[in-house]
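In what follows, a single structure is set out as structure tokens and then discussed.
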Amino acid sequence: MPELTEVEAFAQAMLRWCGGRRVTALERLDPTVLRTEERDLTGMTVRGVSRRGKHLIVTLDDAELMVHLRMTGQLLPGEGAAFVRASLRLHDAAPVQLIDPRRLAELHVLAPGGAARRLVGLGDEPFPGPRPGSWWRARLGGARRPLKSALMDQALVAGLGNIAASEILWRARLHPTQRASELNDGEWERLAEAAEAFLSKAMSTQEPDRVVYISRGGENPFSVYQRARCPRCEGPVTRLSQQGRSTFLCPRCQPAPLG
DNA sequence: TAACATGTTTGTCG
DNA sequence: ACGACAAACATGTT
């Protein structure tokens with residue numbers, strides 16, 4: 001479900017759902033998602049919610065709750081949803097459910113400062129932007145890997161996933177297999193503008209309290225991801241495989257690099 | 001039914 | 001050190 005913009009939307013929603021509330025219990029309905037438990041949250045008040053890459057961090061009086069939703073995790077206030085793996089019960093507010101059919105999500109209850117310690121090595125934040133072309137060049141330009149692979153490397157830039165990478169490259173008219181180290185300054189600038197445009201548009205699409213990405217049977221909000229035709233040139237969208245993941249591109253708009 | 005899935009980690013090999 | 005690849009995690013969707 002989530003990449004940077006969805007986690008950001010979840011973080012903002014979490015602040016509305018839990019901000020200033022006192023925790024009455026952290027219910028663990030499935031033992032696999034609760035990976036770390038260094039504190040008992042009972043009685044603590046939620047002081048803030050933030051995001052770092054694809055990690056969501058809830059700050060409490062004497063603890064931090066760090067969540068990674070991985071592929072299929074979601075957060076939703078209420079009770080009785082399908083696939084609830086944990087539930088944060090609150091005083092005078094609906095509980096917040098961690099939902100994850102696939103059970104790959106991670107929940108860490110850490111001592112203060114624990115999240116930052118665990119996130120050492122995570123790359124810099126592209127959002128909120130804008131970031132200039134030189135910013136992207138400084139972080140990705142040393143990689144001789146395909147540009148898409150570098151974009152998704154969380155140690156270089158934090159938060160971009162498989163969909164964002166395809167969408168940003170399409171907007172920038174850059175080919176996914178192009179070596180990152182071979183981009184020129186104009187191409188870095190195009191990447192910078194495309195990233196800013198994609199991230200701000202994806203954020204503006206999010207509705208308060210209804211964080212949605214690709215919804216089953218719903219509209220596809222993307223330009224190339226799982227699309228048949230390029231909305232810019234009407235040409236066919238093609239798919240290739242990189243790092244075992246599908247990359248979508250418009251070969252007309254994103255010409256393959258020479259050599 | 002087999003292939004695929006918005007993510008990350010670990011191990012292997014070049 | 002860098003990078004490509006496969007498998008693993010565990011299960012729903014197409």
Side-chain angles (χ1 to χ4, degrees), chain A residues 1-11 29-36 51-56 66-76 81-86 98-108 115 118-123 126-127 139-170 176-182 195 198-199 201-203 205-206 210-228 238-249:
Chain A
M1 175 118 186
E3 297 185 15
L4 186 157
T5 51
E6 292 72 45
V7 180
E8 177 68 27
F10 276 127
L29 296 123
D30 184 294
T32 61
V33 301
L34 183 60
R35 312 291 178 99
T36 316
R51 176 195 60 79
R52 186 73 177 87
K54 298 171 191 169
H55 301 80
L56 185 149
M66 187 162 79
V67 183
H68 197 304
L69 298 169
R70 294 283 192 112
M71 298 281 271
T72 51
Q74 295 181 59
L75 296 167
L76 189 70
F83 308 117
V84 177
R85 307 306 183 188
L98 170 61
I99 299 165
D100 186 14
R102 224 167 140 180
R103 293 196 289 178
L104 295 172
E106 294 180 23
L107 199 55
H108 300 272
R118 283 171 178 258
L119 298 179
V120 169
L122 190 58
F127 181 88
R139 284 156 186 79
L140 309 183
R144 311 189 63 175
R145 277 180 286 168
L147 183 54
K148 190 210 180 201
S149 166
L151 267 178
M152 291 200 300
D153 187 337
Q154 302 299 299
L156 301 180
V157 168
L160 303 179
N162 196 43
I163 293 178
S166 279
E167 293 292 305
I168 289 169
L169 291 172
W170 174 81
T177 64
Q178 163 99 48
R179 277 181 199 270
S181 56
E182 290 175 1
F198 170 77
L199 291 172
K201 187 193 170 196
M203 275 316 297
T205 305
Q206 294 296 344
R210 277 171 50 100
V211 182
V212 180
Y213 216 26
I214 280 194
S215 48
R216 296 171 291 284
E219 293 293 301
N220 178 351
F222 303 111
S223 299
V224 279
Y225 186 79
Q226 288 185 358
R227 278 249 131 78
T238 60
R239 177 204 296 236
L240 54 88
S241 184
Q242 293 177 280
Q243 302 169 105
R245 321 291 302 279
S246 287
T247 303
F248 292 82
L249 72 152

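Since we're looking at a predicted model, the values are computed, not measured. Hydrogens, waters and symmetry mates play no part in the numbers below; they use all other heavy atoms, side chains included.
- For Gln226(A), the listed nucleotide lying nearest its side chain is dA5(B); candidates were dA10(C), dG3(C), dA5(B).
- Stem list for DNA chain B (at least 3 consecutive Watson-Crick or G-U pairs, distances under 3.5 Å): B:2-5 with C:11-14, B:7-14 with C:2-9.
- The phosphate of dA5(B) (OP1 or OP2) has a side-chain N or O of Ser246(A) nearer than 4.0 angstrom.
- dA6(C) and dC4(B): their P atoms are spaced 13 Å apart (whole Å).
- Here the CZ-OG1 distance, from Phe127(A) to Thr5(A), works out to 8.0 Å after rounding to the nearest 0.5 Å.
- Of all nucleotides listed (dA10(C), dC4(B), dA4(C)), dC4(B) comes nearest to the side chain of Arg239(A).
- Across all strands, Arg85(A) comes closer than 4.0 Å to no nucleic acid atom at all (heavy-atom distances).
- When the nearest nucleotides of DNA chain C are assigned to Gly244(A) and Ala143(A) by heavy-atom distance, the more 5′-ward of the two goes with Ala143(A).
- With P as the reference atom, dA5(B) and dA7(C) are 16 Å apart, rounded to whole Å.
- Salt-bridge formation is not detected for the pair Lys54(A)/Glu3(A): no Lys NZ or Arg NE/NH1/NH2 atom is positioned less than 4.0 Å from an Asp or Glu carboxylate oxygen.
- Across the protein-nucleic acid pair, Gln243(A) atom CD and dG7(B) atom P stand 11 Å apart, rounded to whole Å.
- At whole-Å resolution of the value, CG in Leu104(A) and P in dG12(C) are 12 Å apart.
- Ala158(A) and Gly123(A) get closest at one heavy-atom pair: CB-O, 3.4 Å.
- The two residues Asn220(A) and Arg227(A) make their nearest non-hydrogen contact at O-NH1, 3.2 Å.
- Within the 4.0 angstrom heavy-atom criterion, base atoms lie near Arg102(A).
- In this structure His108(A) satisfies the ring-ring contact (aromatic ring centres under 6.0 Å, His included) test with no other residue, sequence neighbours excluded.
- If you measure from atom CZ of Arg35(A) to atom P of dG7(B), you get 16 Å, rounded to the nearest angstrom.
- Residue Leu140(A) contributes atom CG, which lies 14 Å from atom P of dC2(C) at whole-angstrom precision.
- In this structure, the nucleotide among dG12(C), dA4(C), dC9(C) sitting nearest to the side chain of Phe83(A) is dG12(C).
- Side-chain contact check for Ser246(A) and Arg239(A): at least one donor-acceptor pair (N or O, by modelled atom type) lies under 3.5 Å.
- Atom CZ of Arg144(A) has 12 or fewer heavy atoms from other residues, nucleotides or ligands within 6.0 Å.
- Taking every heavy atom of both residues into account, Ser166(A) and Lys148(A) meet most closely at OG-CE, 4.3 Å.
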Please list, for nucleotides 8-12 of chain B, all pairs of protein and nucleotide N/O atoms separated by less than 3.5 Å.
| from | atom 1 | to | atom 2 | distance (Å) |
| --- | --- | --- | --- | --- |
| dT8(B) | OP1 | His68(A) | NE2 | 3.1 |
| dT8(B) | OP2 | Lys54(A) | NZ | 2.7 |

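- Rounded to an integer number of Å, the gap from Asp30(A) CG to dG12(C) C1' is 15 Å.
- Considering CD of Glu6(A) and CG of Leu69(A), their distance stands at 10.0 Å, rounded to 0.5 Å.
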